[in-house]
Amino acid sequence: MSPRAVAIIQARTGSTRLPRKVFEDLCGEPMLARVVARVSAAERIDAVVVATTTAPGDDAIASMANARGWLLTRGSEDDVLDRYRQAAQEHDAEVILRVCSDCPMTAPDVIDRVVAAVADDAQCDYAANNFEPATYPKGLDVEAFTRAALEDASRSDDRPDWREHVTPYIRRHPERFKHTVIRDTEDHSDLRWTVDTPADLALMRRLITAAPADAHWRAFVAVQRAHPEWAEMNQHIEQRRVPS
């Protein structure tokens, strides 16, 4: 029997460059709802949890989760690593998939590849598709790790700036955690499909209007490649860097 795989989607309203972006409309649905739907379509995921904070500003996320019947955990605003530990404990996760709520193109088949790398290999502690050199569009990034690795990191990581990003401790200790790198056969890493700014949101709306909301991510690649000028909409946006 495969270990229980739980996707944990971190979500909050306090983003600085685009506040309350999880509620932004993407063709009739809030962005967070779109992320939940695409993650839920992955075959290797047994449960999907929205992990928000206990801050009053995130009551709206909790209300949406309750209204739509989503699993929910509320935890620390700044210590996101502990929020994941809490969510994994509350929902009996054995393998955890980390997903960000600002990635509306999250791909079920990519999720399945990453989860399988951990779930099907008893020696693997962590798998991700965003190691350099990256091949997937920015915004299809997902990470999977064992409950044991998560709890080890939660006990051992004493850097608040790393804990905010959940996995730096695991990524930076390959001697302690066995890694598996997932890459695609084609390089589409020049595409930016994450939503941090109004320009990112405008591109997502254009792509989703041009293809069905549940389309395969390669269909969206084809649409954007057919309109190379669209890349100019957000190519100037600098991605927030994880501290080294």
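Because the structure is predicted, anything quoted here is derived from the model rather than measured. The first residue of the sequence shown is numbered 1, and numbering continues consecutively from there.
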Is there a continuous path of hydrophobic side-chain contacts, each under 4.5 Å between heavy atoms, that joins M31 to V142? yes
Tell me, yes or no, whether the heavy-atom count around E151 atom CD, taken from other residues, nucleotides or ligands under 6.0 Å, exceeds 12. yes
List the steps and the verdict of side chain to side chain contact (heavy atoms under 4.5 Å, CB included) for C27 and T209. CA-CA 7 Å; C27 296; T209 300; 3.8 Å; yes
State, without any angle test, whether R176 and Y169 hold a side-chain donor-acceptor pair at a distance under 3.5 Å. yes
For the residue pair Q10 and R98, confirm or rule out a side-chain donor-acceptor distance under 3.5 Å. yes
Which pairs count as ring-ring contact (aromatic ring centres under 6.0 Å, His included) when at least one residue sits in residues 67-104, sequence neighbours excluded? none
N130-R171 side chain donor-acceptor pair, cut-off 3.5 Å: yes
Residue pair D196 / N234, side-chain heavy-atom distance below 4.5 Å: no
Flag yes if I111 and V166 sit in one hydrophobic cluster, no otherwise; membership is Ile, Leu, Val, Met, Phe, Trp, Tyr, and two members link when side-chain heavy atoms are under 4.5 Å apart. no
Side-chain touch D59/T52, heavy atoms, less than 4.5 angstrom: no
Evaluate the side-chain proximity of P108 to R38: yes if any heavy-atom separation is below 4.5 Å, no if none is. yes
How long is the gap from CZ on R225 to CZ on R218, to the nearest 0.5 Å? 11.5 Å
D158 vs R163, test: salt bridge (Lys or Arg N to Asp or Glu O under 4.0 Å). Steps then yes/no. CA-CA 8 Å; D158 59 2; R163 297 182 72 92; over 6 Å; no
Donor-acceptor pair between T73 and E90 side chains, under 3.5 angstrom: yes
L97 vs V99 side-chain heavy atoms within contact, under 4.5 Å: yes
Determine, for E29 against R68, whether the closest basic-nitrogen to carboxylate-oxygen distance falls under 4.0 angstrom. yes
Under the ring-ring contact (aromatic ring centres under 6.0 Å, His included) rule, what pairs show up with a residue in residues 202-228, not counting sequence neighbours? Y136-W217, H227-W230
Could you check D161 against R159 for salt bridge (Lys or Arg N to Asp or Glu O under 4.0 Å), going step by step and ending with a plain yes or no? CA-CA 5 Å; D161 57 343; R159 288 187 52 170; 2.7 Å; yes
Looking only at side chains, do S76 and D82 share a donor and an acceptor under 3.5 Å apart? no
Considering all heavy atoms, the nearest A231-Q224 contact: CA-NE2, 3.9 Å
Between E77 and A55 the two heavy atoms that sit nearest each other are OE1-CB, 3.9 Å
M64, L72: one ILVMFWY side-chain cluster at the under-4.5 Å cut-off? yes
Atom CD of E229: over 12 foreign heavy atoms under 6.0 Å: yes
Is there a donor in the side chain of T197 and an acceptor in the side chain of D200, or the other way round, less than 3.5 Å apart? yes
Do the side-chain N and O atoms of D187 and T135 include a donor-acceptor pair separated by under 3.5 angstrom? no
Is there a side-chain contact between R183 and N129, using heavy atoms and a 4.5 Å cut-off? no
